[in-house]
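A short worksheet on the structure shown next.
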2 protein chains.
Amino acid sequence: MITMLDVSRQAGVSKATVSRVLNNTGQVKESTRVAVFKAVEELGYRPNLLAQALANQTSNTIGLVISNFDGPYFGRLLRQAAQLIEASGKHMIVTDGHDTPEGELEAVRLLIDRRCDAIILYTRFMEEPALMQLISQHPALMVINRDLPQARERCVVFEQQQAASEVVNYLIAHGHQDIACITAPINTPTGQSRLAGYREALEQNNIAYRDDFIAFSDSSIAGGYHACRELIEKNPSFTALFACNDDMAIGALRALHQAGKRVPDDVSLFGFDDEPSAEYLQPSLSTVYLPIDKMISTAIEQALRLSNGEIVEPVEPFVGELKVRESVINRK
Amino acid sequence: MITMLDVSRQAGVSKATVSRVLNNTGQVKESTRVAVFKAVEELGYRPNLLAQALANQTSNTIGLVISNFDGPYFGRLLRQAAQLIEASGKHMIVTDGHDTPEGELEAVRLLIDRRCDAIILYTRFMEEPALMQLISQHPALMVINRDLPQARERCVVFEQQQAASEVVNYLIAHGHQDIACITAPINTPTGQSRLAGYREALEQNNIAYRDDFIAFSDSSIAGGYHACRELIEKNPSFTALFACNDDMAIGALRALHQAGKRVPDDVSLFGFDDEPSAEYLQPSLSTVYLPIDKMISTAIEQALRLSNGEIVEPVEPFVGELKVRESVINRK
DNA sequence: GTGAAAGCGCTAACAA
DNA sequence: TTGTTAGCGCTTTCAC
């Protein structure tokens with residue numbers, strides 16, 4: 001590998017001078033500037049980012065931890081993040097948390113060890129105390145998807161429960177009383193909040209919560225499919241179904257179809273996330289749009305500010321937006 | 001930040017000794033081992049990976065460049081890659097190539113500058129000469145999705161044309177003569193190969209290639225939708241449609257439905273990629289399964305070997321597997 | 001068994 | 001305007 005020393009020799013100057021022209025720092029005579037660039041060109045020199053980071057005490061990177069790599073959800077997020085981070089002149093390092101709390105923790109640790117200037121953790125599994133501790137270990141760590149009352153300025157959150165409640169209220173307002181629900185993983189705050197929103201809406205409308213209208217699932221397409229079959233078997237009388245994410249709604253759609261139930265004529269279906277395919281399904285899927293682009297942007301901006309030592313304000317919670325499409329019918 | 005020096009002082013030993021116990025290198029008295037670990041614990045010391053990499057002349061990372069972050073396709077790939085790389089004790093750095101040749105090139109450059117031990121480039125846009133040059137610049141760079149005759153051992157490829165041809169041959173064998181096609185981006189080798197496979201099958205069966213059965217598209221759901229509408233407008237007489245990826249098939253499915261054409265009764269539909277949702281669509285989508293898991297695994301293993309200075313053999317091209325589902329009907 | 005010292009490739013005072 | 005020098009945090013000879 002060509003080093004700066006090689007360049008300096010080729011150009012007949014010192015390393016310091018090479019560094020100066022490459023970083024545009026300090027005054028350099030035009031002729032030597034040219035000579036250095038010429039040498040760089042001839043040798044095909046490229047700076048060693050690791051060495052640079054060590055000397056600069058800043059790696060010029062921002063780390064991102066997501067729950068997993070599958071699915072369209074994080075894809076959208078990563079795309080936006082990559083763009084923003086690049087625009088800020090930094091580089092992005094992504095890691096996944098293997099859908100476990102330990103994995104998430106380990107991933108963040110790694111990013112810290114890599115000396116990322118800022119870190120964004122999209123958590124689904126870590127508990128509050130562990131998160132608080134992480135936050136205390138890195139001055140520019142932002143957490144997405146978990147509200148930490150002790151550190152509001154470090155969180156970017158989405159009003160899960162409210163959105164879920166709006167969905168179910170919408171269904172009720174359109175004449176549905178028997179509303180089933182397929183949950184997201186119930187051991188996660190997200191899964192819990194969405195179910196809580198469902199219950200909240202029922203309560204607000206004095207509709208009894210029934211166990212046989214609930215199927216616990218895992219956010220996957222196959223999971224949604226099986227959960228829906230289970231529901232139909234337990235009690236096929238529901239006229240509406242709230243799947244706590246779009247993937248499960250896709251699975252449920254097929255299960256309903258196979259059971260001879262037409263959507264939306266027999267059963268109205270609601271998803272959550274607004275995946276790219278939602279709009280194109282047959283029938284197009286009603287769902288909740290999550291402003292993940294805005295959320296990740298906000299998190300990155302805030303993290304960047306923190307890494308500059310700036311003082312930051314808490315971020316307002318984000319809210320979802322109902323996308324009502326063909327899969328829901330008015331029964332009134 | 002706590003450094004090794006801090007630890008050494010706390011333990012009453014030298015940096016060298018700390019390094020020895022942490023890396024299990026050289027003999028150390030048990031009592032001092034314990035002392036060092038105690039100090040590490042007390043101080044919460046974590047080694048600086050950057051410094052380590054610089055001193056070791058190896059970053060212990062393997063870099064991965066993909067075309068973009070959206071879509072389920074690369075998600076599946078990343079998931080598998082992350083697992084494998086982690087299992088090998090290394091860390092993964094992912095970057096995206098922004099769906100442009102320059103982006104791909106820049107992404108690889110960056111990984112080289114970061115001193116990745118090995119690099120995997122899933123290319124869709126770079127041309128052969130540029131790829132050859134990259135390969136010469138990094139001894140452990142593997143290219144996925146482009147065949148370089150000069151460097152077969154650095155490539156992992158998939159028989160695109162053959163698979164596409166099989167699809168169309170299957171349709172023909174099942175009584176279809178009027179087969180339309182929605183292409184993937186035609187400025188990419190993948191797009192070209194799949195279309196070539198389509199033409200090849202027609203030729204083999206003495207069926208004329210007709211311009212009005214072709215719509216050029218962009219691999220997106222929306223693109224598939226619009227392309228299908230265009231096809232129907234140009235010449236609605238096709239009895240089968242080959243969408244060059246599943247996303248476009250999803251879009252086409254809706255367009256067909258809106259045009260009053262039933263799938264598969266009026267039009268048989270084939271996709272490509274075998275996305276997770278393919279099996280659950282209504283009707284379930286016939287498609288081609290790509291062994292991306294195996295492909296990425298192979299690429300990683302090969303890259304790892306290269307980075308160890310081992311000599312490697314060329315890799316056999318991978319082939320797809322037809323997944324025939326409800327969306328295709330026999331018209332004979 | 002342990003420490004001192006040099007070096008990985010770069011940056012940044014401080015002199016000259 | 002430029003070179004010398006001392007680090008950044010770690011590893012690794014080479015003595016002791």
- Query: Hey, is the side chain of B/T32 poking within less than 4.0 Å of OP1 or OP2 on C/dG1, counting only N and O atoms?
  - Reply: no

- Task: Whole angstrom is fine here: how far is it from CZ in A/R9 over to C1' in D/dT2?
- Result: 18 Å

- Query: Just wondering, do A/Y122 and A/V65 contact through their side chains at under 4.5 Å, heavy atoms?
  - Reply: no

- Task: Between protein and nucleotides 6-16 of chain C, map the contacts as a letter string: B base, S sugar-phosphate only, - none, heavy atoms under 4.0 Å, written 5' to 3'.
- Result: -BBBBBBB---

- Message: Distance check needed: D/dG9 C1' versus A/R114 CZ, whole Å only.
- Response: 15 Å

- Between A/D117 and A/S59, is any pair of side-chain heavy atoms under 4.5 Å apart? yes

- Do the side-chain N or O atoms of B/T17 get closer than 4.0 angstrom to the phosphate oxygens (OP1, OP2) of C/dG3? yes

- Message: Rounded to the nearest 0.5 Å, what separates atom CD1 in B/I85 from atom CD in B/Q80?
- Response: 10.0 Å

- Please assess B/V312 against B/L306 for the test side chain to side chain contact (heavy atoms under 4.5 Å, CB included), listing each intermediate value before the final yes or no. CA-CA 7 Å; B/V312 299; B/L306 284 168; 3.8 Å; yes

- Task: Would you check if there is a donor-acceptor pair between the side chains of A/N23 and A/T25 at a distance under 3.5 Å?
- Result: no

- Task: Let me see the working for B/E104 and B/R124 under side chain to side chain contact (heavy atoms under 4.5 Å, CB included), right down to the final yes or no.
- Result: CA-CA 9 Å; B/E104 289 181 350; B/R124 277 191 179 151; 4.0 Å; yes

